[in-house]
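Contents: one structure, followed by commentary.
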Number of protein chains: 2
Amino acid sequence: MSETTEQAAPKPKRPSRARRREEILAAATRVFGSKGYHQGSLGDVAAQVGITHAGVLHHFGSKDKLLWEVLEYRDRVDVQHLEGKHIPGGLELFRHLAVTARLNAERRGIVQAYAVLTGESVTDGHPASTWVAERFTVLRGEISQAVRDVAAERAVTLPEGEPERAAAAVIAVMDGLQLQWLLDPEAVDLAAATAFAIESILTATLGTTVRITEAAD
Amino acid sequence: MSETTEQAAPKPKRPSRARRREEILAAATRVFGSKGYHQGSLGDVAAQVGITHAGVLHHFGSKDKLLWEVLEYRDRVDVQHLEGKHIPGGLELFRHLAVTARLNAERRGIVQAYAVLTGESVTDGHPASTWVAERFTVLRGEISQAVRDVAAERAVTLPEGEPERAAAAVIAVMDGLQLQWLLDPEAVDLAAATAFAIESILTATLGTTVRITEAAD
DNA sequence: TCGGGCTTACTAACCAGTAAGTAAGTGTGG
DNA sequence: CCACACTTACTTACTGGTTAGTAAGCCCGA
């Protein structure tokens, strides 16, 4: 065993480790998305990649750990289309949110996964609750900062706590619209309603008309 | 002494039927609220009223039927504080929504139950999905009508589809804020944020300032 | 040949729903 | 007014199903 232990398995000819894990993560996203975490079983996930549930456990150890990696996987996919750019600030952030909503209307699965897991996470002792709570905290921070930036840009002074309230409202409206859209896609135009709501909140908060959609599109 | 027994509705000696059912419904609301429908078992519900799970089934037949009655129970409790008055229209409706949010901040359990079940309901074939979807439809109808009423009152002409978009946004923001509040009550002032968001959406929609909160309360 | 990927086989727990029995009530005929 | 018939509210015990997780071994590729 001289140089044998050194091979880090970089070129996978076999659908090995990394690749299989990705397959499983994608399958788990679909399963947890369509059935929820508690109702979606390891067997369901395993079946989608053509192995047994024990095979899944071989890669992820436990169902909880699999969930955690699914959540991080979603983040990775989400950030991916930003192409390395960090999350924008100011008005650009809100345009980004509107664009995300438009993209989401074409990715029902991932939206459903997010909605189901977020809803489930408010149950006692749910393994995803800290992840979701932290996610909300981070988002509120980023969005309220963007509100402050836009306000400064337009020389508007905001009352204490207003940026935070606006940030919470923006996140809330996005999540809530996703729920309604998932249950009745015909009744709610996810992209339009989201853009409308964000503009409304910003306009009312800043006291001046804010547009985040491109003209004539 | 005219023992003509005019006992129309005598007091039952036993905590019979109706009473027990209410106890179970209250318990089920707590259980489904704190653990979700799938994760909350009939045994959990039964334990809270000091009977066995078979006893619960004696009263409700199946877990699905119990859920249905829980949902209707919530509606009954919700409408109850309106004291027989029908749901108001126009601006009054939005004030009512803000008041409800304020009340909700004191009834974590029922808010949690609603949030959990709504989230769960977007999973495939969930027994509550039609109930939730219908609820959203009805609410959107009522709220969009109220928007139209207020617009007419103020002689504002709204673009096609705007009342519906505003209605969806109002419902969305209420649900979304509940989620954030449940996960982090310190970070979100449910009553204030809800009132703020509703005012924002109405103000932006109608183009004139709308106030729904009482001055100095 | 060796180790990682995976399977088969199993365990222990849990769950909804059924069935049958019991005890405590209610209604009624004599 | 009481005995007997019946109903109601529940229990215990069980069935059939599903689940996460464990253990041990097989197979294949490098």
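These values consider heavy atoms only, across backbone and side chains, with no hydrogens, waters or symmetry-generated copies. All chains are named by letter (A, B, ...) in the order of the sequence lines, taking the proteins before the strands, and each is independently numbered beginning at 1.
Checking dG5(C), dT11(D), dG21(D) against every side-chain atom of His59(A), the shortest atom distance belongs to dG5(C).
With sequence neighbours excluded, the residues forming a salt bridge (charged side-chain N to carboxylate O under 4.0 Å, His left out) with Arg140(B) are Asp184(A), listed by chain and number. Residues satisfying the side chain to side chain donor-acceptor pair (under 3.5 Å) criterion with Ser41(A), sequence neighbours excluded, are Asp44(A). Listed by chain and residue number, nothing satisfies the ring pair (Phe, Tyr, Trp, His ring centres under 6.0 Å) test with Phe196(B) (two or more places apart in sequence, or in another chain). Thr29(A) meets the side chain to side chain donor-acceptor pair (under 3.5 Å) test with no other residue; sequence neighbours excluded. By the salt bridge (charged side-chain N to carboxylate O under 4.0 Å, His left out) test, Glu92(A) is found to be paired with Arg95(A), residues two or more places apart in sequence or in another chain being considered. For Glu134(A), the side chain to side chain donor-acceptor pair (under 3.5 Å) test picks out no residue, with sequence neighbours left out. In this structure, the side-chain contact (heavy atoms from CB on, under 4.5 Å) partners of Ala54(B), at least two apart in sequence or on a different chain, are Thr52(B). Here Glu69(A) pairs with Arg21(A) under the side chain to side chain donor-acceptor pair (under 3.5 Å) rule; sequence neighbours left out. Taking the ring pair (Phe, Tyr, Trp, His ring centres under 6.0 Å) definition, one finds that His126(A) meets it with Tyr37(A), His38(A), sequence neighbours left out.
For residues 33-48 of chain B, proximity to DNA chain C is found at Gly40(B), Ser41(B), Leu42(B), defined as any non-hydrogen atom under 4.0 angstrom from a strand atom. Taken residue by residue, residues 115-128 of chain B places no heavy atom nearer than 4.0 Å to DNA chain D.
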For nucleotides 10-13 of chain C, list the nitrogen or oxygen atoms of the protein found under 3.5 Å from its nitrogen or oxygen atoms, one pair per line.
none

